[in-house]
J.: 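Mind looking over this structure? Questions follow.
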Amino acid sequence: MGTILHIDMNSYFASVEQQANPRLRGKPIGVTGGDRLKRTVLSTASIEAKRLGVKTGMSLWEAKRVCPNLIIVCSDHEKYLSVTKRFLNIFKDYTPYLEVFSIDECFLELPSLTGPATRQPHDYPTTLTRVGPHHGAPRLVSPASFPGVDVAKQIKARLKAELGPHITCSIGISYNKLIAKLAGSLKKPDGLVVIPDEETALKVLDEASLDDVCGIGSRIKRRLFQMGIRDFKDLRKVPKECLMASFKSYGKVLYNMARGTDYTPVIPFYEKQEIKSVGHRHTLEEDTFNPESIRQTLLKLCELVAQRLRSKNLMGKTIHCWYRSSALGGVFYGEGMQQTLTHLSCDGLEIFQHSWQIFQNIWQGEKIRMIGVAVSNLFPNKPINLSWLPEEKKRNIILQTLDTVNNKYGDFTLQRGILLKSEVVRRKPNPFLSDRRFKI
Ligand SMILES: [Mg+2]
């Protein structure tokens, strides 16, 4: 593997807005997740807002309480996508190995021209102190001669010149994706951090907290804590078999992570045709514990998911459901949050029946703020998957009719009777681009 660059735009949606509108520059702004100002969460806070304590994912109400001067801007996904296309066009001048990780994040692999001999670890200070977002600014490694640093500097200069000085990025450079992403997270905004070798990577990992690394979310972190594993030093002491007993195949990933090892390749956008899951989530107009309105919203989301599966000619086997409660603030994932069917499905009603069961299993009766559903384990919808049972044939005709009408006249023009008078649920562009094709 050559050198890996991880490029992450800083406060992306907010900085695009600030670049577009001079009156927003230098001010705390928050970009909302939807088109309704009434009730939603922040999808991005500007650098100024973050400094004042505003965080991504906060509800508007919380954000306004933390920062009364916060300027709220409605998100404009088409605008962000067009800027994303522009920076992808810049990146692809440097390498064909460009992986689009999300709307504001990419991995670039620069093939090593002269092989591993270009690495000169002794040129770099390897003592890293005060590393990680929780411990103040890290002391940075900024070697001039490390492969990729030149490219990173050129990219930064071109972003400034071609997109505007208000859109900045943090770049992490290392020998694999995991460590490059970690390096990029060490300095925000406008950072450039190199972790040249495994020795340095281990030092950085030792100072980091478990969820600073991509791949350890709150749920895995909690499970590791329960096992008495509080940091990467602890994790490194656990035998691989032990981790695999608790986390199945992901145990191996965790074992490697603790050692700064990651074999996942950079997958260029033109090779990444596989969609791993199709999902939708929705923030309710008002927090509620009324099962009827939760049920209606969930059914609508399932219909949207199913419609998208059908439009991509896919069927899925595993159904996931989750929610965010108003009390806990965070996303709640209960045990048993997924169910696997014995057959493939792209029928909204069927997906709903399973996700409603999951929801009932994980819900503890508290007020709900947001609810989401996704289908994974996807396969192409081939005629062989179709059943010839009369009721199945009838169902397929109904689904085809639904799609024809709704694709022409808008979502939910034709809908199930139970959905009458239910809350409006709109389709939103997926921020992770998982099903967007890029022509760059
Ligand atoms: Mg970002």
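Whatever order the structure lists ligands and atoms in, that order sets their numbers, starting from 1.
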J.: Without hydrogens or angle criteria, can the side chains of Ser170 and Asp8 be said to hold a donor-acceptor pair below 3.5 Å?
T.: no

J.: Under the criterion ring-ring contact (aromatic ring centres under 6.0 Å, His included), which of Phe101, Tyr97, Phe91 is the partner of Phe107?
T.: Phe101

J.: Between side-chain atoms of residues 16-23 and protein atoms elsewhere (two or more places apart, or another chain), which donor-acceptor pairs fall under 3.5 Å?
T.:
residue, atom, partner, partner atom, Å
Glu17, OE1, Lys79, NZ, 2.8
Glu17, OE2, Lys79, NZ, 3.3
Glu17, OE2, Tyr80, OH, 2.6
Gln18, NE2, Leu24, O, 3.1
Gln18, NE2, Lys27, O, 3.2
Gln18, NE2, Glu48, OE1, 3.2
Gln19, OE1, His166, N, 2.8
Asn21, OD1, Arg23, N, 3.0

J.: Has Arg236 got its NZ or CZ under 6.0 Å from the middle of the six-membered ring of Phe232, at an angle within 45 degrees of the ring axis?
T.: no

J.: Among all residues two or more places apart in sequence or in another chain, which pass the salt bridge (Lys or Arg N to Asp or Glu O under 4.0 Å) test with Arg51?
T.: none

J.: What number of protein N, O or S atoms occur at distances under 2.8 Å from the Mg ion (ligand 1)?
T.: 3

J.: Taking only residues two or more places apart in sequence or in another chain, which ones pass side chain to side chain donor-acceptor pair (under 3.5 Å) with Thr318?
T.: Thr340, Asn377

